Amino acid sequence: MSLAAERRTGLILAGGGARAAYQVGVLQVVADTLAVRSENPFPILVGTSAGALNAAVLGCGALDFGRAVERLAAVWSGLETAMIYRSDWGGVTRQAARFGLQTLFGAWRQEPLALLDNAPLRALLSRELDFSGITAALRQRALRAVAVTAFGYASGQAMTFYQSQGVLDPWFRHRRVGVPARLAVDHLLASTAIPLFFPPVKVGREFLGDGSVRQTAPISPALHLGADRILVIGLGAPGGQEHGVQGRPPTVAQIGGHLLNSTFVDALDSDTETLRRLNLLSNALPAGDPVSGRLCRPVEMLVISPSQPLGDIATRHRKRLPPALRQLLRGVGVNRPSGSALLSYLLFEAPYCQELMALGRADAQARLPELRAFLASA
């Protein structure tokens, strides 16, 4: 029996900048729960933005899932902001001046616009990822597909680039398409290019940005690639909790935090709710009916997301933000409690990431019976 017929479990890793460290903690518990630690339980890997980076590492190491998770944990545990974007005084001031001249006077019109220089991230990905591992895993049927999503500035499309086993048909839906590709660093940089913060990346003929921007259906790529059961690791605050003081005008950081939450969190929450409703509808339809079976099939889903507001954790570590960056963002209010949401996306520092990983492990342990049942039925 083929891999496709035996199991089509998908893993969906949401975007969220530094918040994606939380996903690694959940994955550590998944690896510890497996009967065979090296076996990949997720033949379909789908990631967006920072979640795309985690998905790529898992895809490159799919022949030994446990070791791939260990590599992820090692990178996130030793992370520094300078490994993601320039955070030294020279790099920050140069990029900020360039950003101001571009926006106010139209200088360097042919160059991508960005407040931060993420050249260090390109170097990190080039050093840490061996994309031949995806090819090998597909060949040995440890993977069915790996997919990352980016956003086209010219087309307005959410573009999901996927590398798959055999030929899986591309898809064309309203504002979202599937594009077969051989994944590379540029796809990941495009998927993580948060608008205005990081520069868009040209892939093919179009400049692309963060895939969460127009991704109205984050779960759909996994379903298009054949998943009939999915584990979703989200990064939203429980109950949508955010900091703010009623009666006071919002700071720029608070506005930015809400915009990022809208980009990274809301679409996934809405899509999981829609899938739950469709599952209820599917279960209510007559069993064995060939027509309804084609139109609506149930998709088993387990969602694990933070039990604590990640902004609260970021606030405890805000002094770890590099001095140059702290000075640059001080005026917009990132050092205030109301700016904690924005800070939670940008704070790529080891102590903060380690605490997020610990929270991910704790949340996964709290759901361990569900998680074990989910993995056992794969």
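Keep in mind that what you see is a predicted model, and the values were worked out from it rather than measured. All residue numbers in this chain count up from 1 along the given sequence.
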Checklist entry - Does I255 have any side-chain contact (heavy atoms from CB on, under 4.5 Å) partners at least two apart in sequence or in another chain, and if so, which? => result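 Partners of I255 by the side-chain contact (heavy atoms from CB on, under 4.5 Å) criterion, ordered by chain and then number, come out as P250, L259.
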Checklist entry - Closest approach of G17 and A50, non-hydrogen atoms and distance? => result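 Reported closest heavy-atom pair: O-CB, 3.3 Å.
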Next on the checklist: Looking at every heavy atom in both A314 and L343, which two are closest together, and how far apart are they?
Outcome noted: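 Answer, listing the atom of A314 first, then L343: O-CD2, 3.5 Å.
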Next on the checklist: Over 60° means perpendicular and under 30° means parallel, so tell me whether Y85 and F198 are parallel, tilted or perpendicular.
Outcome noted: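 Y85 vs F198 ring planes: tilted.
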Next on the checklist: Using 30° and 60° as the class boundaries, would you call the ring planes of Y162 and W171 parallel, tilted or perpendicular?
Outcome noted: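 Taking W171 first and then Y162, their aromatic rings lie parallel (interplane angle under 30°).
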Next on the checklist: Check for me, please, whether I12 and F65 land in the same ILVMFWY cluster - side-chain distances under 4.5 Å, paths through other members count.
Outcome noted: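 Shared cluster, no.
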Checklist entry - Are V29 and V232 connected, step by step, through hydrophobic side chains (Ile, Leu, Val, Met, Phe, Trp, Tyr) whose heavy atoms are closer than 4.5 Å? => result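 No, V29 and V232 fall in different hydrophobic clusters.
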Check this for me: [X], atom [atom1], are more than 12 non-hydrogen atoms of other residues, nucleotides or ligands nearer than 6.0 Å?
X: E80; atom1: CD; answer: no
X: R182; atom1: CZ; answer: no
X: R316; atom1: CZ; answer: yes

Next on the checklist: Would you say the rings of W76 and Y22 are close, in the sense that their centroids are separated by under 6.0 Å?
Outcome noted: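 Centroid distance Y22-W76: not below 6.0 Å, so no.
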Next on the checklist: Quick test of your reading of the model: are E273 and R277 salt-bridged, counting only N-O distances below 4.0 Å?
Outcome noted: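 Here E273 pairs with R277 in a salt bridge, since their nearest N and O are under 4.0 Å apart.
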Next on the checklist: I need the D117 CG to R122 CZ distance, nearest 0.5 Å.
Outcome noted: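 One finds 11.0 Å between CG of D117 and CZ of R122.
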Checklist entry - Looking at F374, does the NZ or CZ of R229 lie under 6.0 angstrom from its six-membered ring centre and within 45 degrees of the ring axis? => result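 So R229 does make the cation-pi contact.
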Item to check | Verdict with reasoning, D363 to S307, per side chain to side chain donor-acceptor pair (under 3.5 Å) | outcome: CA-CA 7 Å; D363 288 346; S307 59; 2.6 Å; yes
Next on the checklist: Just to verify, what does D32 make a salt bridge (Lys or Arg N to Asp or Glu O under 4.0 Å) with, not counting sequence neighbours?
Outcome noted: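 R37.
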Checklist entry - How is the hydrophobic cluster of F207 composed, in terms of its other members, when Ile, Leu, Val, Met, Phe, Trp and Tyr link through side-chain heavy atoms under 4.5 Å apart, directly or indirectly? => result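 F207 clusters with nothing; isolated.
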